[in-house]
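The structure under discussion appears below in the form of structure tokens.
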Amino acid sequence: MKNLPNSERLESDFFSKDVLEVAPALLGKTLIRLFPDGRTAKFIITETEAYRGEEDLACHASKGRTNRTEIMYHNGGYIYIYLIYGMYWMLNIVTGKEGYPQAVLIRGLENLYGPGKITKFLGIDKSFYGENLVTSKRIYICNNSNPVTYNSGCRIGIDYAGDIWKNKPWRFTLEENKKKI
DNA sequence: TGCACGATCTCG
DNA sequence: GAGATCGTGCAT
């Protein structure tokens with residue numbers, strides 16, 4: 001952190017805002033992972049998706065409060081992680097206020113695109129479920145003061161959610177990153 | 001207790 | 001374009 005100029009760790013007030021505000025705001029921020037062997041990985045976040053409330057049929061919380069979705073009902077700043085297709089861990093960040101389930105899926109990092117590839121490369125698995133980004137010693141996010149521009153589009157892989165939710169423009173991509181993907 | 005189904009990726 | 005592979009939620 002000390003050799004990352006112009007940046008500081010994001011606090012809980014950042015994550016406690018509505019997911020539709022936090023998801024695009026995470027673009028351009030730096031995700032930092034401290035590995036057990038002492039190595040540090042830093043990546044700019046380039047693509048996110050918002051999942052918002054029990055009424056959002058694409059959001060896992062649409063099934064209600066269960067063991068899996070429990071963490072999404074907390075106030076923002078926690079990690080929600082789950083297994084997809086039997087082999088890939090998806091990294092999500094819980095946002096918003098207590099009792100209103102929502103989360104941001106981290107889909108892309110600079111030079112590391114793909115939600116499954118991100119967790120594989122960063123060594124993130126179920127043990128990170130419920131991790132607090134504000135206090136964790138192995139993963140956190142830093143602010144970058146540079147302003148960013150972004151585009152929005154439809155979320156990926158949620159055909160089952162129905163037209164209304166499928167067509168919400170809740171996927172956000174860093175504009176500068178388009179040419180790199 | 002069993003079953004169908006993914007917020008995906010890699011290989012052919 | 002298909003297969004890998006398993007936790008979860010919902011139906012028995």
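Naming convention: chains lettered A, B, ... in sequence-line order (proteins, then strands); numbering from 1 in each chain.
Side-chain contact between A/L109 and A/I44 is absent, with no heavy-atom pair separated by less than 4.5 Å. Between A/N67 and A/E70, every side-chain heavy-atom pair lies at or beyond the 4.5 Å cut-off.
Note that the CG atom of A/D13 and the CG atom of A/N75 stand 11.5 Å from one another [nearest 0.5 Å].
Of all nucleotides in DNA chain C having an atom under 4.0 Å from a heavy atom of chain A, the first and last in 5' to 3' order are C/dA4 to C/dC10.
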Legend entry - Pairing pattern in dot-bracket form [Watson-Crick, G-U; both distances under 3.5 Å; | = partner strand] for DNA chain C: ||||.||||||.
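For the pair A/T149 (side chain) and A/E175 (backbone), a donor-acceptor distance under 3.5 Å is absent. Judged by distance alone, the side chain of A/R33 and the main-chain N or O of A/L122 form a donor-acceptor pair under 3.5 Å. In this structure, A/S136 contributes its side chain and A/I139 its backbone to a donor-acceptor pair below 3.5 Å. Judged by distance alone, the side chain of A/T30 and the main-chain N or O of A/N143 form no donor-acceptor pair under 3.5 Å. Side chain of A/Y140 to main chain of A/N132: no donor-acceptor pair is present (N/O by atom type, distance under 3.5 Å, no hydrogens or angles). Put simply, the side chain of A/T48 gets close to the backbone of A/A23: a donor and an acceptor are under 3.5 Å apart. Proximity of a side-chain donor or acceptor of A/K168 to a complementary backbone N or O of A/I164 within less than 3.5 Å is not detected.
In terms of the side chain to side chain contact (heavy atoms under 4.5 Å, CB included) criterion, residue partners of A/S12 (sequence neighbours excluded) are, by chain and number, A/V134. A/T40 meets the side chain to side chain donor-acceptor pair (under 3.5 Å) test with no other residue; sequence neighbours excluded. When the ring pair (Phe, Tyr, Trp, His ring centres under 6.0 Å) test is applied to A/Y51, no partner is found at least two apart in sequence or on another chain. Applying the ring pair (Phe, Tyr, Trp, His ring centres under 6.0 Å) criterion to A/F35, with sequence neighbours excluded, gives no partner residue.
When the nearest nucleotides of DNA chain C are assigned to A/M87 and A/K126 by heavy-atom distance, the more 5′-ward of the two goes with A/M87.
Put simply, CH2 on A/W89 is 14 Å from C1' on B/dG6, counting in whole angstrom units. Atom OH in A/Y85 sits roughly 7 Å away from atom P in B/dG6 (whole-Å rounding). Taking atom OH of A/Y113 as the reference point, atom C1' of B/dT8 lies 11 Å away to the nearest angstrom. If you measure from atom CD1 of A/I81 to atom P of B/dT8, you get 14 Å, rounded to the nearest angstrom.
Remark: A/R138 is positioned above the aromatic ring of A/F128, its terminal NZ or CZ atom under 6.0 angstrom from the ring centre and at most 45 degrees off the axis.
Residue pairs that meet the side chain to side chain donor-acceptor pair (under 3.5 Å) test with at least one member in residues 77-93 of chain A, sequence neighbours left out, are A/H60-A/Y80.
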Inset, instruction - Show the numbers, then the answer: is there a side-chain contact (heavy atoms from CB on, under 4.5 Å) between A/C59 and A/M72? - result: CA-CA 10 Å; A/C59 182; A/M72 275 199 278; 4.1 Å; yes
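Using a cut-off of 4.0 Å between Lys/Arg side-chain N and Asp/Glu carboxylate O, A/D18 and A/K97 are scored as not salt-bridged. Of the charged side-chain nitrogens involved, none lies within less than 4.0 Å of a carboxylate oxygen, so that A/E49 and A/R155 do not count as a salt-bridged pair.
Listed by residue number, there are no residues of residues 20-28 of chain A with a heavy-atom contact under 4.0 Å to DNA chain B. The stretch residues 155-172 of chain A touches DNA chain B through A/I156, A/G157, A/I158, A/Y160, each having a heavy atom under 4.0 angstrom from the strand. Within residues 90-104 of chain A, the residues that place at least one heavy atom under 4.0 Å from DNA chain B are, in residue-number order, A/M90, A/N92. Against DNA chain C, the stretch residues 66-73 of chain A makes heavy-atom approaches under 4.0 Å through A/T66, A/R68.
A side-chain donor from one of A/Y113 and A/E47 sits under 3.5 Å from a side-chain acceptor of the other. Residues A/E54 and A/Y73 have side chains that bring a donor and an acceptor to within less than 3.5 angstrom of each other.
Counting any heavy atom pair closer than 4.0 Å across all strands shown, A/G86 reaches a base atom.
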Find every protein N or O atom lying less than 3.5 Å from an N or O atom of nucleotides 10-12 of chain B, and list the pairs.
none

